[in-house]
2 protein chains.
Amino acid sequence: MQIGTAARKSGVPAKTIRYYESVGLIAAARRESSGYRAYDDLDVQTLRFIQRARGLGFSVRHVGDLLALWQDRGRHSAQVKALSKKHLEEIDAKIAALRGMRDTLEHLVERCHGDDRPDCPILADLAGLNGVEIVK
Amino acid sequence: MQIGTAARKSGVPAKTIRYYESVGLIAAARRESSGYRAYDDLDVQTLRFIQRARGLGFSVRHVGDLLALWQDRGRHSAQVKALSKKHLEEIDAKIAALRGMRDTLEHLVERCHGDDRPDCPILADLAGLNGVEIVK
DNA sequence: CCAATCCTTCTAGTTACTGGAAAGCCTAGT
DNA sequence: ACTAGGCTTTCCAGTAACTAGAAGGATTGG
């Protein structure tokens with residue numbers, strides 16, 4: 001099948017498939033006589049794997065690692081678990097950071113009367129004009 | 001004061017200050033006879049404002065908007081509030097997405113025994129080989 | 001046989017910086 | 001006066017992960 005079909009079947013845009021090939025995440029596809037890239041169902045499955053892993057927030061590099069482990073019949077599940085655990089911790093850190101932002105901002109938004117007066121606790125806080133710091 | 005001093009006082013790296021100037025977030029600094037950029041305390045305060053707003057996750061473009069409002073004595077707090085509220089919603093969306101990832105991944109990590117057997121539910125899920133989807 | 005649709009490669013833009021190179025300026029010490 | 005150092009300047013390139021668009025070749029349906 002051609003790249004467009006593989007794209008539809010996997011959910012990965014054709015442009016992105018070419019991009020993945022260019023950065024070495026997937027092997028260069030074999031070519032038809034026309035020069036068009038040719039894909040089979042295994043390729044589509046690999047693309048779906050990538051799609052899911054990316055959807056879980058793994059970086060392209062990490063997806064490469066997972067892919068290698070997936071394709072290695074002798075892999076140790078410990079490696080996969082370690083990789084995933086580390087990623088889980090990174091996600092947790094990101095969530096914590098966002099929550100900090102969120103709470104500070106919500107507090108400020110609540111305190112802003114939001115009318116046509118120029119007075120605004122949000123700006124006051126950003127300018128460092130008040131002592132209240134919710135998130136250090 | 002020179003850029004290095006402003007950087008130290010504001011917490012914004014010198015490189016970043018130049019970058020902010022280059023993208024028009026801040027006005028081009030006046031120059032000393034040497035050609036060095038010159039800053040005063042108001043500039044440092046502006047940089048701190050930027051620093052805080054970025055720390056709350058506002059994009060550079062949004063910081064530009066907030067900065068304009070901050071410097072506009074006739075602004076309406078409603079504008080500031082609207083901008084911040086929208087940003088708050090975006091943060092919430094990001095947190096929700098991350099939580100979805102997090103929960104799926106945690107579930108998988110828990111189920112992976114993590115030893116030297118090649119069996120791994122994480123890979124199985126990524127490959128789409130099981131029916132359990134925690135996050136749609 | 002031609003138009004529509006697909007494919008190819010290449011370049012460049014996105015976000016928000018960060019690193020490094022080559023060179024100019026300024027001050028303190030010898 | 002000279003020099004070493006530490007500051008500054010500009011510009012170029014790289015990061016992550018695509019995405020848009022241009023110019024042109026291939027294929028297919030009617």
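To find a chain, count down the sequence lines: A is the first, B the second, and so on, and within it residues start at 1.
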| Along DNA chain C (nearest heavy atom to each residue), the more 5'-positioned of B:S33 and B:V60 | B:V60
| query | Would you say a side-chain N or O of B:Y20 is under 4.0 Å from OP1 or OP2 of C:dA16? | reply | no
| query | Within the pair A:Y19 and D:dA16, is there a side-chain N or O less than 4.0 Å away from OP1 or OP2? | reply | no
| field | B:T16 vs C:dA16: side-chain N/O to OP1/OP2 distance below 4.0 Å | value | no
| Ionic contact status for B:D125 with B:R111, cut-off 4.0 Å | no
| note | B:I3 atom CD1 is separated from D:dC7 atom C1', nearest whole Å, by 11 Å
| said: Measure CG/B:L25 against C1'/C:dC17 and give the value in whole Å, please. | reply: 13 Å
| B:E32 CD - C:dG24 P separation (whole Å) | 19 Å
| said: Nearest heavy atom decides the nucleotide; on that basis, is B:F58 or A:R31 closer to the 5' end of DNA chain C? | reply: A:R31
| message | Between the base of D:dC7 and the side chain of B:Y36, is one N or O donor paired with an acceptor at under 3.5 angstrom? | response | yes
| query | 5'-most contact on DNA chain D: B:Q2 or B:K15, nearest heavy atom basis? | reply | B:Q2
| said: Quick one, A:Q71 and A:T46 - any side-chain contact, counting heavy atoms below 4.5 Å? | reply: yes
| query | Between C:dC17 atom C1' and B:I26 atom CD1, what is the distance in whole Å? | reply | 14 Å
| field | OP1 or OP2 of D:dA20 under 4.0 Å from side-chain N/O of A:R18 | value | no
| said: Between P on D:dT19 and CZ on A:R54, what's the gap in Å once rounded to a whole number? | reply: 10 Å
| Can you list the steps and then say if A:D115 with B:K81 is a salt bridge (charged side-chain N to carboxylate O under 4.0 Å, His left out)? | CA-CA 9 Å; A:D115 52 21; B:K81 186 168 184 166; over 6 Å; no
